[in-house]
Engineer: 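Next up is a structure, given as structure tokens.
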Amino acid sequence: YFRSLPQGCYRTYEPHLIGLIMNENTGDFLSLERAEILCSMSFFLLKGFLSEQSRHSCCSFSSVQTADIVSWLLKAFVLSGESPSLLQEASVGTHLNCHYLASLQALPRKTDSKGLVGDFANKIDEVPKFLRFSSADMEHLEKHVSEFFNQLPDVPIVCISMLGGDFVNVLGEALLLPSLFPAWMLLSRFDSTNKPTTMLLPVDSISKEAHNEDSSIKELDNPTRASDKNWKCPWSCTIIDYVAPTFRKLLKDNFRSLSGAIDIPKDGQANTVRWWSDRMKLNNDLNEILENMEKLWLGPWKYLLLGHQSADQHSEAVLENLITGLESEFKLEANPALIKVILGGVASVDELKECVSQLVSYKAYFGRGGCCGRDRLRAFSCQIDAEALVPLEHLCNGVVNELSELVERTPVILVLDTDVQMLPWENLPVLRNQEMYRMPSVRSIFLALTRSTNHQKDASVIDPPFPVIDPFNAFYLLNPGGDLISTQEEFDQLFRNYEWKGNAGDAPTAEELVLALRNHD
């Protein structure tokens, strides 16, 4: 590019470069790189707009307007259709899946004498549509987004991302916050039948202020231990280490506890008692972390993680009354899907009042849990007069009388970004009776649904080249250390009834383990 520039135009190269990035290029293999550059420029300029410091006039970026940034972001959205990580809808494994599926596209399409390669290629052709838009033309964007929502399942998908770093600074300046939060949680919920719901929640640290040395799991009094194993954290460093720092320590203590369990001397009664005491403490510490996540981070919005009620207990009249009241009293255009989730979850009039009050104050864009007081978000909240609170309370009191008892719910599919997937979300107190599933990305959900639909239409259809797990083709290891006799007795017959293959009471050799992994799902 620089070779093609006329001499003396180095001061005005930016518009030419931006035009080159925005324009279509035949045979372009750098679409993701272009998308990242556009995102980075947009974010850089957004910070400049919000900053109190004036931008340098010598830079051509000083003349860029907000409308330009919107067009850049739309272009980046289309270009990044291949990369779910750029769309903030990916979790672990998606990066590898993208490369795996991209390599399948490069396979030859020739048909051999048996026609197998041709069939294989046809199945491969189904895969890319789940990874990217069929056209990079901006005018087709609306069509592709509509198709995206039409392909969603009936059960809710909940995506959770944790935003830190520069996002914190930008939000702090945009919302005029008196002090910054370590992170913000972006919680999205959508399915094929309801309007999507997105909520941005401030996140503060849930760690204790001080920890005594006695809080760590101590080594057992056992001089005959074979070796001390070092725990390796499965992630390097994420925002979770700042907002939930005790979780990493908890996993490390758990590893040390389990590593020392097999080395307890047979006559070490005191060690056994202490070991079980440590296990109970770890369990209590984990429960405290989960309770704090629910109370301090999610607050009343924890019900966004629940599934639909299998039997709809809410009459249309109750829903309409609340929506109409919010529109007439507070000029709030309420999302019926969000109101329905709230009504289907709250267990008391106080919880309903808190949800409705936050909807009115923050126009359903933001929420807050227990880690954030009302005053901290006062700068951008809509102030509610004391007189307006009276009809709000009457509205909530009238609706609560119609709240239903606990009923069965549909499953929920969690899609977590890499910064939060190590946390045991499924074990939050509000979710302990909720059927939950995790998937690496929304696109992988589409692929699984399509594969299931093809099986229903034609039992002879060839599966696409994508990992499929047969739960009945299993291999088990039961009590390989030989020290859990009652556990073995409890499960041995159950596994035999399933007709699974496996080992019980002794450890397999390396060769047996290799064969087990090779021959079973």
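A quick note: this is a predicted structure, and the numbers were derived from the prediction, not measured. All values below come from the heavy atoms of this structure, side chains included, with hydrogens, waters and symmetry mates left out.
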Engineer: Is it true that a side-chain atom of Asp154 and a backbone atom of Ser192 form a donor plus acceptor pair closer than 3.5 Å?
Structural biologist: no
Engineer: State plainly whether the residues Arg438 and Glu426 are in salt-bridge range, i.e. N to O under 4.0 Å.
Structural biologist: yes
Engineer: Checking Asn283 side chain against Arg279 main chain: does a donor-acceptor pair fall under 3.5 Å?
Structural biologist: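 No, the answer is negative, given that no donor and acceptor are paired below the 3.5 Å cut-off.
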Engineer: Keeping Asp68 on the side-chain end and Val64 on the backbone end, is there a donor-acceptor pair under 3.5 Å?
Structural biologist: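 Not confirmed, Asp68 side chain does not pair with Val64 backbone.
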Engineer: Whether the side chain of Ser161 engages the backbone of Asp417 through a donor-acceptor N/O pair (distance < 3.5 Å, no angle test) should be reported.
Structural biologist: no
Engineer: For the NZ atom of Lys340 and the CG atom of Leu322, what is their distance to the nearest 0.5 Å?
Structural biologist: 13.5 Å
Engineer: Taking Asp204 first and then Arg376, would you say they form a salt bridge - that is, a charged N and a carboxylate O separated by under 4.0 Å?
Structural biologist: yes
Engineer: Is the charged tip of Arg443 near the ring of Phe148: under 6.0 Å from the six-membered ring centre and within 45° of its axis?
Structural biologist: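 No, cation not above the ring by the 6.0 Å, 45° rule.
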Engineer: Check Trp72 against Met41 and note the closest heavy-atom contact, atom names and distance.
Structural biologist: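 Looking at all heavy atoms of both residues, the shortest contact is CZ3-CB, 3.8 Å.
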Engineer: Do Leu306 and Val430 have side chains that approach each other closer than 4.5 Å (heavy atoms only, starting at C-beta)?
Structural biologist: yes
Engineer: Measure the spacing between OG of Ser441 and CZ of Phe446 and express it to the nearest 0.5 Å.
Structural biologist: 9.0 Å
Engineer: Quick one: do Glu173 and Lys47 satisfy salt bridge (Lys or Arg N to Asp or Glu O under 4.0 Å)? Show the steps, please.
Structural biologist: CA-CA 9 Å; Glu173 292 185 0; Lys47 289 189 290 185; over 6 Å; no
Engineer: Ignoring hydrogens, what is the shortest heavy-atom contact between Gly367 and Leu201? Give both atom names and the distance.
Structural biologist: C-CD2, 3.3 Å
Engineer: Apply side chain to side chain contact (heavy atoms under 4.5 Å, CB included) to the pair Tyr242 and Ser205, showing each step before the final yes or no.
Structural biologist: CA-CA 7 Å; Tyr242 297 95; Ser205 176; over 6 Å; no
Engineer: Testing the 3.5 Å rule here: is there a donor-acceptor pair between the side chains of Asp278 and Ser257?
Structural biologist: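 Their side chains do not contain a donor-acceptor pair, so the 3.5 Å distance test is not met.
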Engineer: Once you measure the plane-to-plane angle for Phe43 and Phe167, does it fall in the parallel (<30°), tilted (30-60°) or perpendicular (>60°) bin?
Structural biologist: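 Tilted, since the angle between the ring planes falls between 30° and 60°.
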Engineer: Excluding sequence neighbours, so at least two apart, what forms side-chain contact (heavy atoms from CB on, under 4.5 Å) with Lys295?
Structural biologist: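 If we apply the side-chain contact (heavy atoms from CB on, under 4.5 Å) test to Lys295, skipping adjacent residues, there are no hits.
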Engineer: For Val341, what residues pass the side-chain contact (heavy atoms from CB on, under 4.5 Å) criterion, not counting sequence neighbours?
Structural biologist: Arg189, Leu304
Engineer: Taking atom types as modelled and ignoring hydrogens, do the side chains of Glu354 and Gln358 form a donor-acceptor contact shorter than 3.5 angstrom?
Structural biologist: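 Looking only at side-chain atoms, Gln358 and Glu354 do form a donor-acceptor pair, the distance falling under 3.5 Å.
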Engineer: Are Leu163 and Val168 close enough that some pair of their side-chain heavy atoms sits under 4.5 Å apart?
Structural biologist: no
Engineer: Check Asp191 against Pro156 and note the closest heavy-atom contact, atom names and distance.
Structural biologist: CB-CA, 4.1 Å
Engineer: Indicate yes or no for a side-chain donor-acceptor contact from Asp241 to the backbone of Thr238 under 3.5 Å, with no hydrogens or angles considered.
Structural biologist: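 Present.
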Engineer: Provide the closest heavy-atom pair for Pro182 versus Val243 in the form atom of the first, atom of the second, distance.
Structural biologist: CB-CG1, 3.8 Å
